[in-house]
Amino acid sequence: MAMAMVAPLYTWLVAAACSYGVSAGNDLGGPGPNLGRRAKRRLQRMGGARSALVCSNQGYSSMLPGVASFCGSSLQGLGSCLSFEACPQYYSSKQTLFFGEVLFGLGFGPRPIRAARRHPKPAGAGKAWAIAVQPVRERTEKKKLSTKPRSVVVTGMGIVSSLGHDADSFYSELLAGTSGVSEIESFDCKDFPTRIAGEIKDFSADGWVSPKFSRRMDKFMLYLLTAGKKALEDGCMTPDVLNQLDKMKCGILIGSALGGMKVFNDAIEALRVSYRKMNPFCVPFATTNMGSAMLAMDLGWMGPNYSISTACATSNFCILSAANHILRGEADVMLSGGSDSAIIPIGLGGFIACRSLSQKNDTPQKASRPWDVDRDGFVMGEGAGVLLLEELEHAKKRGATIYAEFLGGSSTCDAYHMTEPHPEGAGVLLCIEKALAQAGVRKEDVNYVNAHATSTRAGDLQEYKALMRIFGQNPELKVNSTKSMIGHLLGAAGAVEAVATIQAIRTGWVHPTINVDNPEKEIDMNIVVGAQKERLNIKVALSNSFGFGGHNSSILFAPYVESNEN
């Protein structure tokens with residue numbers, strides 16, 4: 001800051017000195033006897049500046065009014081470094097120049113002067129020069145190129161779930177009201193108070209992931225890679241199309257709430273024997289970012305690549321951020337979503353310790369019951385969901401099938417409690433309102449909500465109340481919960497529910513919410529879709545996801561209509 005203030009002052013002083021009316025003589029004191037011819041010529045080229053800038057009483061007093069009028073109050077408080085009061089030692093010095101060699105390097109210090117070469121005397125030497133010096137102003141304006149606003153569309157979907165491993169079969173099971181919740185079979189959990197989950201029983205990564213990696217990878221990463229490649233296949237990204245893509249504008253943003261818990265847990269068990277027994281990939285395969293990284297290595301995509309982890313809101317955060325990369329022109333294609341697989345002893349035990357899980361072990365298919373009086377906690381699920389997001393013109397140019405348009409979204413934080421939602425739903429309410437504003441959507445146009453609705457006591461009602469405050473006057477509004485059939489997929493929940501939301505837009509059917517046999521008195525079952533699927537011509541769909549830590553997220557989709565592009 002000091003240099004920024006000194007520079008304009010110095011510029012002005014030089015200008016004032018050069019334009020000051022001074023005769024060729026040494027009226028205010030001539031150069032010292034030690035100056036050589038070369039130094040004198042420098043002074044002459046400065047147009048008599050030496051005479052105006054010497055520290056004589058006459059020169060100082062004659063310059064001071066000009067300095068004060070130019071700088072005004074801006075000189076106050078600069079400190080002694082810019083004081084115009086010369087010290088006694090300076091007056092006693094033989095050097096009469098105000099700007100010395102040490103400060104500005106003009107070569108007028110007391111060092112020995114070398115013999116100067118003879119040069120022709122410059123024209124006008126010894127006469128006063130009038131030089132107009134103007135401060136240089138930086139140009140802050142940047143020309144903005146007028147470009148057509150970019151839009152984001154969904155052109156492919158990939159999924160791995162307890163109800164199927166492709167979008168069509170998955171949604172068919174949802175429409176039928178089929179539950180994917182069952183007894184846990186992957187490990188012995190007879191001593192746990194909860195022994196049920198939305199566990200995947202029939203998954204294989206053959207043909208999707210290299211065997212040398214699949215043997216060592218955590219299931220969350222296997223699900224991620226498989227769902228990502230299925231989204232490409234579903235979007236008709238054939239090898240020929242992939243080869244023609246600008247890979248520097250293709251990115252991947254697929255997150256996870258818990259990452260490779262089993263890989264890390266197995267490494268701890270191996271360490272009890274010896275560090276030599278540990279999986280050499282235990283650290284990279286446990287981190288949440290490595291799934292996106294591995295998929296990028298497989299595809300050669302060099303665009304934005306990272307993961308976001310915001311507990312159960314992870315997928316929506318990833319989808320929203322990926323869409324923003326496209327809207328800003330940083331990418332044309334993004335794979336985005338989430339993946340989690342925490343149905344292992346440490347994962348199950350951890351959520352039991354939080355007192356979050358249902359214990360309806362005798363009736364697993366009826367355990368997940370959002371908005372029902374008899375709900376006693378959520379049911380863990382596992383899987384992955386990935387959307388192929390694409391810039392509209394890019395998708396049209398390659399002839400892609402457009403499933404839906406991504407309109408926008410928002411995120412907020414309750415800033416209230418680690419695991420409990422805000423009792424008045426303030427964060428949820430703010431998140432939905434911000435999402436509508438960001439997307440430019442009227443609340444009257446939203447007629448379908450895929451709710452977070454996990455089957456917990458507080459969370460279900462707070463979300464429902466927030467929805468009613470915003471959309472309650474819409475007679476077409478329908479709300480349902482995908483978790484009633486597949487459980488809570490943690491970081492993957494939002495992406496899998498986004499697939500269900502887009503399928504509802506495509507088919508015109510919204511799936512049922514099972515197990516709402518005895519709804520809370522605040523719940524209007526004319527709004528909540530009950531045990532049977534319902535027809536709905538969706539205008540705008542909202543999908544909510546909320547997570548531990550008070551993370552809230554809302555994203556909006558709509559049917560793509562080419563005639564309404566503008």
Side-chain angles (χ1 to χ4, degrees), residues 158 160 186-187 199-200 203-206 208-229 251-315 317-318 321-322 334-351 353-354 380-386 418 489-495 547-549 551:
V160 174
S186 58
F187 63 95
E199 186 180 48
I200 296 173
F203 172 77
S204 173
D206 293 347
W208 301 104
V209 182
S210 170
K212 71 175 182 179
F213 286 123
S214 63
R215 289 192 298 268
R216 291 176 167 177
M217 281 182 175
D218 191 277
K219 284 198 293 185
F220 103 91
M221 197 177 293
L222 295 176
Y223 295 162
L224 184 156
L225 295 172
T226 303
K229 292 183 178 181
I252 302 172
L253 209 175
I254 306 174
S256 177
L258 298 174
M261 290 188 70
K262 187 175 188 305
V263 166
F264 200 74
N265 183 75
D266 291 347
I268 294 174
E269 294 300 319
L271 184 60
R272 297 180 188 278
V273 179
S274 169
Y275 73 91
R276 299 179 187 276
K277 299 292 184 180
M278 294 174 67
N279 178 355
F281 297 99
C282 65
V283 171
F285 283 178
T287 57
T288 62
N289 71 298
M290 197 54 65
S292 292
M294 294 295 291
L295 186 53
M297 294 174 202
D298 204 345
L299 299 173
W301 286 13
M302 301 173 66
N305 189 293
Y306 56 101
S307 69
I308 295 174
S309 184
T310 48
C312 305
T314 291
S315 287
F317 274 74
C318 290
S321 295
M334 292 289 296
L335 284 171
S336 182
S339 179
D340 258 316
S341 177
I343 305 176
I344 58 175
I346 191 172
L348 182 66
F351 281 109
C354 289
M380 288 181 67
E382 64 178 349
V386 176
M418 283 189 295
L489 275 62
L490 309 177
F548 281 0
H551 300 293

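Note that this is a predicted model, so its numbers are computed, not measured. Just so it is clear, the values below take in all heavy atoms, side chains as well, and ignore hydrogens, waters and symmetry mates.
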Measure the spacing between OG of S292 and CG of L224 and express it to the nearest 0.5 Å.
5.5 Å

For the pair D340 and Y223, evaluate side chain to side chain contact (heavy atoms under 4.5 Å, CB included) and give the outcome as yes or no after the intermediate values.
CA-CA 8 Å; D340 258 316; Y223 295 162; over 6 Å; no

Would you say T288 and S307 are linked by a side-chain donor-acceptor pair, where the criterion is simply a distance under 3.5 Å?
yes

Any sub-3.5 Å donor-acceptor pair from E199's side-chain atoms to S186's backbone N or O?
yes

Looking at side-chain heavy atoms only, is the closest gap between L225 and D298 below 4.5 Å?
no

Among all residues two or more places apart in sequence or in another chain, which pass the ring pair (Phe, Tyr, Trp, His ring centres under 6.0 Å) test with F548?
none

Any sub-3.5 Å donor-acceptor pair from S336's side-chain atoms to I254's backbone N or O?
no

Quick one: CG on N289 to CD1 on I252, what's the gap to the nearest 0.5 Å?
12.0 Å

Ring pair (Phe, Tyr, Trp, His ring centres under 6.0 Å) against F213, all qualifying residues, sequence neighbours excluded
none

Do V160 and E382 come within less than 4.5 Å of each other through their side chains, counting heavy atoms only?
no

Any chance CZ of F264 has more than 12 other-residue heavy atoms, nucleotides or ligands included, within less than 6.0 Å?
no

Within-4.5 Å side-chain heavy-atom neighbours: P284 and M294:
no

Donor-acceptor contact present, side-chain S339 to main-chain F220, <3.5 Å
yes

Atom CG in L490, atom CG in L258: separation rounded to 0.5 Å?
6.0 Å

Roughly how far, to the nearest 0.5 Å, is the CE atom of M221 from the OG1 atom of T287?
6.0 Å

Between L335 and the options L253, V386, N305, the side-chain contact (heavy atoms from CB on, under 4.5 Å) test singles out V386

To the nearest 0.5 Å, atom NZ of K219 lies from atom OG of S214 at 13.5 Å

Between the side chain of K229 and the main-chain N/O of W208, is any donor-acceptor distance below 3.5 Å?
yes

Between atom CG of D218 and atom CZ of F281, what is the distance when rounded to the nearest 0.5 Å?
14.5 Å

Would you say K262 has more than 12 foreign heavy atoms packed within less than 6.0 Å of its NZ?
no

Using only atom types and a distance under 3.5 Å, with no angle test, would you say the side chain of S309 pairs donor to acceptor with the backbone of S256?
yes

Does CG belonging to L271 count more than 12 external heavy atoms closer than 6.0 Å?
yes

With a 3.5 Å distance limit and no angle check, can you tell me whether S321 reaches the backbone of C318 through a side-chain donor-acceptor pair?
no

